[in-house]
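One structure is given below, encoded as structure tokens.
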Amino acid sequence: MAEDQAPNRALAKLSDQTLAPARSLAERTLAALLDRSDNALAVPRRLIVAADGSAMFTTIGAAISVAVDGDEIVVEPGRYVEHLTIDRSIRLSGHGARDQIVLAPPTPEAACIVITRGAPHLAGFTLDSRPRELVPELQSDGVDWHLLQITGGAPVLEALDLAGRFGIGIHGAGTKGVVRLCSIHDGLTGISVRVGAQPTIEHNEIWGLNIQGLDISWPGTAPLVRENRIHHVGIGIRVSGGAEPRIEGNEIWASEVVGIRIGGRPIAPLVRANRIHDGRGQGIHVFQTNPRIEDNEIWANQLEGLCITGIHSSPSITGNTVRDGFGDGIAVLEGASPTIYGNTVTGNAQHQIRVADDASPVIGENVISA
């Protein structure tokens with residue numbers, strides 16, 4: 001093959017006009033990548049990474065260092081132990097089976113990837129902090145141990161597999177982006193959204209986490225959380241600290257403590273059309289806050305299907321079906337004053353609706369049967 005033609009694993013057709021003809025194709029390609037003048041290669045470019053040395057780059061970090069907005073970095077199967085920072089709008093994607101393209105953190109404290117700005121697109125590979133010795137002890141110094149940290153920009157994370165430790169941290173006012181079709185499992189917390197971030201989190205599978213599937217907190221934090229499957233976790237979704245997410249169409253089951261917990265401040269998130277079932281604790285627990293809880297189906301939980309507590313709790317609870325639980329269907333306790341209207345509450349082993357003496361709910365037009 002002639003030197004001026006691009007082989008399958010090369011990057012692009014290269015001009016020899018400004019490069020010494022005695023250089024190898026690899027040397028000339030790298031020189032052109034580093035050239036910031038008008039003679040540089042046209043973008044977008046396709047940069048290939050292979051840990052076995054069969055491509056231009058053997059590390060992902062080396063490819064990122066020369067990439068510019070619009071470039072695509074393609075990662076071949078292999079194990080890459082790296083800490084990467086992405087601050088531009090590039091595409092980083094795996095080529096081959098996702099579980100054969102593995103990025104691991106270099107130390108227990110380091111993230112695999114930190115995204116600080118831009119609109120990068122990441123797809124089709126695995127981030128894994130296992131084995132167990134790479135899972136750090138929980139700290140009290142504010143350090144986050146996420147495999148993938150997002151502090152700015154609007155990235156798209158698609159079809160990634162994250163295993164171990166904390167999965168994805170999305171923190172920062174104005175931080176947006178999408179987390180879609182990812183698998184997050186066998187760690188502590190799946191996704192945390194804080195400090196005013198507003199991403200979309202949809203169609204993910206989240207399971208096997210000791211603490212919680214999603215942790216959403218801080219005033220101004222307003223993600224859209226829809227159509228996710230969250231199961232076999234401590235808490236399915238926890239909302240606190242003034243956050244106002246929209247939580248719609250998710251299926252949450254086999255939680256150890258509660259499917260959705262909302263509390264901490266007088267916030268008004270929307271919880272609509274979710275399916276919450278077969279948990280070892282409560283379906284939904286609301287305390288000291290005022291969400292709208294609409295059109296959810298809650299069944300077969302070991303404790304209350306829906307529990308409202310606290311003198312500042314006055315949520316609107318409408319159109320839900322709460323059935324076949326092993327405790328109360330709906331419990332109103334500790335001075336709470338919800339509006340409970342137009343729900344179907346049936347087949348629960350204890351009370352269908354239980355109201356404590358100090359509570360003052362407004363209850364009307366519900367269908368109630370033992």
Query raised in the report: Would Glu72 and Ser93 satisfy side-chain hydrogen bond (donor to acceptor under 3.5 Å, both in side chains), going step by step from the backbone distance to the final call?
Result: CA-CA 8 Å; Glu72 179 181 14; Ser93 56; 3.2 Å; yes
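Glu251 and His277 share a side-chain donor-acceptor pair at under 3.5 Å. For His121 and Glu158, the side-chain atoms include at least one donor-acceptor pair closer than 3.5 Å.
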Please tabulate, for the side chains in residues 359-366, all donor-acceptor contacts under 3.5 angstrom to protein atoms that are two or more places apart in sequence or on a different chain.
residue	atom	partner	partner atom	Å
Glu365	OE1	Tyr341	OH	3.1
Glu365	OE2	Tyr341	OH	3.1
Asn366	OD1	Gly342	N	3.3
Asn366	OD1	Asn343	N	2.8
Asn366	OD1	Asn343	ND2	3.0
Asn366	ND2	Ile340	O	3.1
Asn366	ND2	Gly364	O	3.2

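Legend: salt bridge (Lys or Arg N to Asp or Glu O under 4.0 Å) pairs involving residues 286-314, not counting sequence neighbours, sorted by first then second residue: Arg272-Glu294, Arg292-Glu294, Glu297-Arg323. The side chain to side chain donor-acceptor pair (under 3.5 Å) pairs that include a residue from residues 328-339 are Asp328-His351, Asp328-Arg354, where partners are two or more places apart or lie in different chains.
Few gaps surround NE2 on His203; more than 12 heavy atoms of other groups in view lie less than 6.0 Å from it. No more than 12 heavy atoms of other residues, nucleotides or ligands shown are found within 6.0 angstrom of CZ on Arg117.
Residues satisfying the ring pair (Phe, Tyr, Trp, His ring centres under 6.0 Å) criterion with Phe287, sequence neighbours excluded, are His285.
Considering only heavy atoms from C-beta on, Val239 stays 4.5 Å or farther from Thr289 through its side chain.
Formation of a donor-acceptor pair under 3.5 Å by the Asp324 side chain with backbone atoms of Trp299 is not found in this model.
Hydrophobic side-chain contacts under 4.5 Å tie Ile235 into a cluster, directly or through other members, with Val257, Val258. Alongside Trp218, the hydrophobic cluster contains Val195 (criterion: ILVMFWY side chains under 4.5 Å).
Aromatic ring centres of Trp253 and His231: separated by under 6.0 Å.
Across all their heavy atoms, Ala51 and Arg79 have their closest contact at CB-O, 4.3 Å.
Ion pair Glu248/Arg226 not flagged as a salt bridge, since none of the NZ, NE, NH1 or NH2 atoms sits closer than 4.0 Å to an Asp/Glu carboxylate oxygen. Arg46 has no carboxylate O lying under 4.0 Å from a charged side-chain N of Asp71, or vice versa, which leaves the two without a salt bridge.
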